[in-house]
Amino acid sequence: MCEKQESGDFRGQPRLPHFAAPRRYDLFLNPDLSSCEFSGSVAITVDVISPTRFLVLNSADLSIDATSVSLEGKAISPCKTELVEDDEILVLEFDSQLPLGESVLRIRFTGTLNDQMRGFYRSKYEYKGNVENMAVTQFESVDARRCFPCWDEPGFKAQFKITLEVPSQLVALSNMPISEEKINGDDGVLKTISFEESPLMSTYLVAIVIGHFDYIQGITSDGIQVRVYTQVGMTEQGRFALDVALKSLNLYKDYFAVPYPLPKLDMVAIPDFAAGAMENYGLVTYRESELLYDEKLSSASNKQNVAITVAHELAHQWFGNLVTMEWWTHLWLNEGFASWMSYLAVDAIFPEWKIWTQFLDETASGMKLDALSESHPIEVEIKHASEVDAIFDSISYDKGASVIRMLQSYLGADCFQKALASYIKKYAYGNATTDDLWAVLEEESGEPVKDLMNSWTKQQGYPVIFINMDSNKLHLYQEQFLSDGSSGSGTWIVPLTLCCSSYDISKKFILKSKSDELDVDDLILHKEGSQETFWMKLNTDQTGFYRVKYDDELALGLKYAIQADKLSLMDKIGIIDDASALSVACKVTLSSLLSLLDAYSTQSHYTVLSCVISVSLKIANLVDEAIPDLSDDIKLFLIKLLKSPAEKLGWDVKEGESHLDTMLRAEILMALVRLGNKSTVDEGIRRFAIFLNDRNSSVLLPDTRKAAYVAVMQHCTVSDKSGYESLLKIYRETDQSQEKVRVIGSLASCPDKGIVLDALNFLLTDEVRNQDADYGLNVSIQGRETAWEWLKENWEYISKTWPSSSLISSFVSSVVSPFASYEKSEEIEKFFASRMKPSFERALKQSLEKVKINAHWIEGVRNDKSLAEVVSHLVQKA
Ligand code: BES
Ligand code: ZN
């Protein structure tokens, strides 16, 4: 077979051939931080497993010194060294067959520290009044190949021995601790730093950071040194993350019954960073806003983000780094699990945050995306490296995490934990697939895990369960839920749970087919004589990844249960979220959704109201266009709904108030501003004026600041730009990333189109880091056409400047998805027809589908005959 191999065989393949595999990399890099060039050399111990004349590995954007390439030991050089750009591979062809077993492949190369926040790149920061460069890596998913030639797939684990030559005064970090550091030559300008050899790991987890940093440190109960590195002078802002890190590490080592695998852990804040954070083995990198927390400058929601992000990245040190997905198809094993585990850890560290009720936000985003025909299964086929980045989406993260929660609740927490611990032990330092995990869970639990879970990970979408009750029978029927109102063809194995009039009266049931019946005689004995107080809730605490559509009588019972406050927080959230999604699909009328919302008028808990708020804002965004005659009244009703909890909270923090009340204040004031409530807008503007004169004033703390910023933007026009300019002043005067993000996120919320255009153009200036631009795309509904024109006008520049999938995708989806007409969807599709790239193709298709769904919803709302009457009733009610 080997005789027949030709260099052409390796083109256009999704994966590298497996006839040779790397065992060890000895990597040397010498970056020049002023010219932003780097040179390097790598000696790779390669194991040739079956006869071949070729070595095929990855390389991209590097200049390979062809004369340097040799296979040592046997001292042979390739007869041909070919770089295939489209496939990002380096094909080394030799005259004769390679000796089986290990030999050392040597390659010298040079490259550029790019500005694209991927591969080996530069980030800019201020140090002692000068702008300096730092050198940073971001390799996931497929960008290690932009730093050194390598077998850049998660399945090719190897050991890494890294050596750097860097300016003597700088800090240089990598995955492992430093083993040796020596100053070079007499001038002492450069030093050589060698790091210890790593255990077996994947290339996407290799990391290097070089720059000026300060650090603080702590130590875990089993002696692991943990450091947080920040820009010089900012270390105290790393204290909170350090604390969360120490606690999470202790928790995970107990949970997995495996110690943290490396001798140290560093966490570094990087000023320019494409993702939120990256779990590099032993050297976790973060955006500043995701790592730093300052009591005076950060909001409660910033604090929570930092905790979740740290807990997420540290969960990866086991789930992802120690045990790694075998191929990107199983990305969700990494991301779904790390997301789920981060809630587990944060719940243990901050029980008062009720973080599992907040987890339902993740489930809701997963369900939103997965209700599109353009969604994809959790396990997704990857045919080319360029497709990998686009699947770091809500399906892999949120649906992934949610189906894990569903399975855990089905199997029980103890059994689930034991199985995970044996899975980690079994595959430590190796790779695993989704099936490998199911096999371990199946063995531990004795349940048919694989069959159950295949129905959730191998097919896209999820079901809505229709339930009808007559006498003492429940009729169940499942149908794939799609937001466009059609019904897909999927069927799932659904672990159903239900409660009847009390959480003590419950039942579990597996729905395996399209429809089924369930005898609930035993449950509804209580119904007789207490018709009024009878309720039945399916999907107890929303642990299942499905929606429920109740018959009219059951729906009425639940409305009663909400008003009488009989339900758990999670169930209250689930009921309104399901109803809202069903309304988008025109399966529930807007009038019934509004009546249901009315039942929430006495709710005061953050997580429930946060869901009420997002449903309300979604409705408000649409009614102007759908039913202009009723839109003022509908907004009036929504304002009324939120006004009394908002008044109770006020703008000022109360002594000793809970974290969740602080979170609620921020969201509810923001919602009232967005709904156009005059008194809230006026108060925001009043407080802003005081704050503008005195940044230390306590009238506008970080939590309420964004609501005030958005309030200010509501009255801004091109003829009176003072509010916009004041916000820019705040932006320019702060060096704190979270504050900058708050300002950027407010500017385009202005109804004035001229200001929207100014705000969008501002995003393209040097004043905004590329990583932050997408925060600025939160455009007012009045500005959406302006944003679309702007995107078209600047498309060439934007697609060049933000090539990374997550950022370019958010440009596309933020600008496209607010539209609500079939014509617009066609127009947008035409524009992109000749401009399509894999990095944003998924996002564009999904956004276009959303535009059509909005259009369909509007049609449905216009046909809702009882709407006028219901609205006038709701508005007039006391
Ligand atoms: N592994 C990812 C980082 C990543 C994302 C790399 C996309 C390549 C492409 C990391 O573990 C992660 O998931 N980060 C999240 C934060 C987390 C709290 C959900 C992120 O960056 O948003
Ligand atoms: Zn992750």
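For ligands, and for the atoms within them, numbers begin at 1 and follow the listed sequence. Below, each value reflects all heavy atoms present in this structure, side chains not excepted, and no hydrogens, waters or symmetry copies.
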Suppose I only count heavy atoms of A277 and a 4.0 Å limit; which atoms of ligand 1 are within that range? 2 (C), 3 (C), 10 (C), 12 (C), 14 (N), 21 (O)
So the atoms of ligand 1 within less than 4.0 Å of a heavy atom of G276 turn out to be 20 (C), 21 (O), 22 (O)
Carefully, step by step, assess E849 and R842 under the rule salt bridge (charged side-chain N to carboxylate O under 4.0 Å, His left out). CA-CA 11 Å; E849 192 179 345; R842 253 183 215 288; over 6 Å; no
Ligand 1 versus E313, non-hydrogen atoms closer than 4.0 Å: side chain, backbone, both, neither? side chain
Contact partition for E140 relative to ligand 1, non-hydrogen atoms under 4.0 Å: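 Both the backbone and the side chain of E140 come within reach of ligand 1.
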Backbone N or O of C36 within a donor-acceptor pair of the N133 side chain at under 3.5 Å?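 Answer holds: no.
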Sphere of radius 2.8 Å around the Zn ion (ligand 2) - protein N, O or S atoms inside: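 Result, waters dropped: H312 NE2, H316 NE2, E335 OE1.
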Under 6.0 Å from the six-membered ring centre of F240 and within 45° of its axis: does the NZ or CZ of K303 meet both?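 Here K303 passes the 6.0 Å and 45° test against F240.
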Please verify the inter-ring angle class for H659 with W353; under 30° counts as parallel, over 60° as perpendicular, anything in between as tilted.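 Ring orientation of H659 relative to W353: parallel.
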Specify the protein heavy atom at minimum distance from atom 5 (C) of ligand 1: its residue, its atom name, and the distance to 0.1 Å.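 Of every protein heavy atom, F392 CD2, 3.6 Å lies nearest to atom 5 (C) of ligand 1.
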T433, T329, T457 screened by side chain to side chain donor-acceptor pair (under 3.5 Å) with E379, the one that passes: T457
contact_flag Q138 ligand 1 heavy-atom lt 4.0 Å: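 Q138: in contact with ligand 1 (<4.0 Å).
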Lys/Arg N to Asp/Glu carboxylate O, D266 vs R227, below 4.0 Å: no
Passing option when V42 is tested against C147, P149, C150, P22 for side-chain contact (heavy atoms from CB on, under 4.5 Å):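 Between V42 and the candidates, side-chain contact (heavy atoms from CB on, under 4.5 Å) is satisfied uniquely by P149.
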